[in-house]
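Okay, structure first, notes after.
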Number of protein chains: 2
Amino acid sequence: MPKEIEFIFKSPDDSPGYLLGQLTMLWQRKQKKVLDPLNLTQTQFVLLAALGWLSKVSDAVTQIDIANQSNTDRMMVSKVLRTLEEKKFISRQEHQTDTRAKVITLTHEGAKILQKALTAVENTDSEFFSVLGERLPSFNQYMAKLTEQNKDH
Amino acid sequence: MPKEIEFIFKSPDDSPGYLLGQLTMLWQRKQKKVLDPLNLTQTQFVLLAALGWLSKVSDAVTQIDIANQSNTDRMMVSKVLRTLEEKKFISRQEHQTDTRAKVITLTHEGAKILQKALTAVENTDSEFFSVLGERLPSFNQYMAKLTEQNKDH
DNA sequence: CAATTATAATATACACGACAACAATAAACA
DNA sequence: TGTTTATTGTTGTCGTGTATATTATAATTG
């Protein structure tokens, strides 16, 4: 390193951004291990869960609905749903009134996998965050507040 | 959705994993906007910062050192450092005593960019987490504890 | 010292994640 | 009604992340 240049580094433990990044990396690696045996990736699971959630209140869920529900962009949804279709976890049909849109539904197989995945992920999360103990609700509040405050612009 | 199957969804606000994922997504999008003008990606910034940090105490930083410091895996470091070399932000030389290893150093240009990036990122983080106010140290403690607890296995 | 084991870096493959650009069609409105 | 605008979905590109396997070389040990 050029000797004449001095950097001012904060200690990692004082940098919430750094900590957030590190923690997320660990969490995603753990999620991956849990979902791999179910033939699902993290994103595939999230989109499948979003579809399951939306299906409770609508019988004509479109790709845009899934994108909005999961805060994913529509290109990602398009690509991942194609993969999920190949895996026979979902099916895509023409929309009745809007020929641009596609109606996405869970297959039996997809519903079964989603059930397993929801349970597995919840158990893993429970263990991952267990160190917080009774402080978990407080942690959740922090996270929810931060998410709310930083949405959009 | 197959009508006979019922899913049990937790409310998103009660799921720390979901919240962590959502928050990280927002944070990464914001980081990207800040780093784009500096011709750096998130990962490139992290590795550059790890290199800067290590350079303070060592004059023979290897790729493995950077990988360990940043908790990134070796392949990632190999690929990203190649890109950073093309951008003239770092240089890679043969190691004196270990011919397998490469010694990584910041170039002048790289050091200047890193300085700018460190400032920009810290300002962005400061704004991103400002809603926490005086609860920030508490939040940092939660994050540090979670990270520590979930390292490795 | 020779054989085994561990380590540093790379090659390749698959799957995101963000973005730009595009085609088709629906909705809004002059 | 006809034109503009918005919406739905797709394709393609760049840059991660993770896993497996490979090459070269260092370190360990029988």
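Hydrogens, waters and symmetry mates are skipped; everything else that's a heavy atom, side chains included, is used. Labels below follow one simple rule: chain letters A, B, ... track the order of the sequence lines, proteins then strands, and each chain is numbered from 1. Values in this document were obtained by computation on a predicted structure and should not be read as measured data.
What separates NE2 of B/H95 from P of C/dT7 is a distance of 16 Å, to the nearest Å. Following rounding to the nearest Å, A/Q28 (CD) and C/dG17 (C1') show an atom-to-atom distance of 11 Å. Straight-line distance from the CG atom of B/N39 to the C1' atom of D/dG15: 12 Å, rounded to whole Å. Distance A/N71 CG to C/dC16 C1': 17 Å, rounded to the nearest Å. Rounded to an integer number of Å, the gap from B/Q31 CD to C/dA18 C1' is 15 Å. Between the CG atom of A/L47 and the P atom of D/dG9 there is a distance of 13 Å, rounded to whole Å. Counting to the nearest Å, the P atom of C/dA24 and the CD atom of A/Q63 are 17 Å from each other. The distance between atom CG of B/L35 and atom C1' of C/dA18, rounded to the nearest whole Å, is 14 Å.
The shortest distance between the side-chain N/O atoms of B/T43 and the OP1/OP2 oxygens of D/dG15 is not below 4.0 Å.
For A/R74, the side-chain atoms get nearest to D/dT10 when compared with the rest of D/dA26, D/dT10, C/dT10. When the nucleotides D/dT8, D/dG9, D/dA26 are ranked by their closest atom to the side chain of B/R100, D/dA26 comes out on top. The nucleotide whose nearest atom lies closest to any side-chain atom of A/M76 is, among C/dA6, C/dT25, C/dG17, C/dG17. Of the listed nucleotides (C/dA26, C/dA15, C/dT10), C/dT10 has the atom at the smallest distance from the side chain of B/R82. Relative to the side chain of B/K32, the nucleotides D/dA26, D/dT8, C/dA18 differ in distance, and C/dA18 lies closest. Considering only side-chain atoms of A/R29, the nucleotide from C/dA18, D/dT18, C/dA9 that sits closest is D/dT18. Taking every side-chain heavy atom of B/R92 into account, C/dT10 is the closest of C/dT10, D/dG9, D/dT13.
B/D73 comes within 4.0 angstrom of a nucleotide base, judged by non-hydrogen atoms across all strands. Across all strands, B/M25 comes closer than 4.0 Å only to sugar-phosphate atoms, never to a base (heavy-atom distances). No engagement by A/T72 is indicated, since no non-hydrogen atom pair under 4.0 Å with the nucleic acid exists. Counting non-hydrogen atoms under 4.0 angstrom, B/Q44 reaches the backbone sugars and phosphates but no base. As judged by a 4.0 angstrom heavy-atom cut-off over every strand, B/V80 is placed among residues touching the sugar-phosphate backbone only.
To the nearest 0.5 angstrom, B/L40 atom CG is 7.0 Å from B/L84 atom CG.
The heavy-atom pair separating B/Y18 from A/W27 by the smallest distance is N-CZ2, 4.5 Å.
A/T107 and A/S91 share no side-chain donor-acceptor pair at under 3.5 Å.
Of the two residues near DNA chain D, B/T83 and A/T62, the one whose nearest nucleotide lies more 5' is A/T62. Along DNA chain C, the nucleotide nearest to B/M75 and the one nearest to A/T41 differ in position, and the one closer to the 5' end is contacted by B/M75. For the pair A/A101 and A/K79, nearest-nucleotide mapping onto DNA chain D gives the more 5' position to A/A101.
With hydrogens and angles ignored, no donor-acceptor pair closer than 3.5 Å exists between the side chain of B/K102 and the base of C/dT7.
Formation of a donor-acceptor pair under 3.5 Å by the B/Q44 side chain with backbone atoms of B/T41 is found in this model.
Using a cut-off of 4.0 Å between Lys/Arg side-chain N and Asp/Glu carboxylate O, A/K87 and A/E109 are scored as not salt-bridged.
Side-chain contact between B/F89 and B/K112: absent, with no pair of heavy atoms (C-beta onward) separated by less than 4.5 Å.
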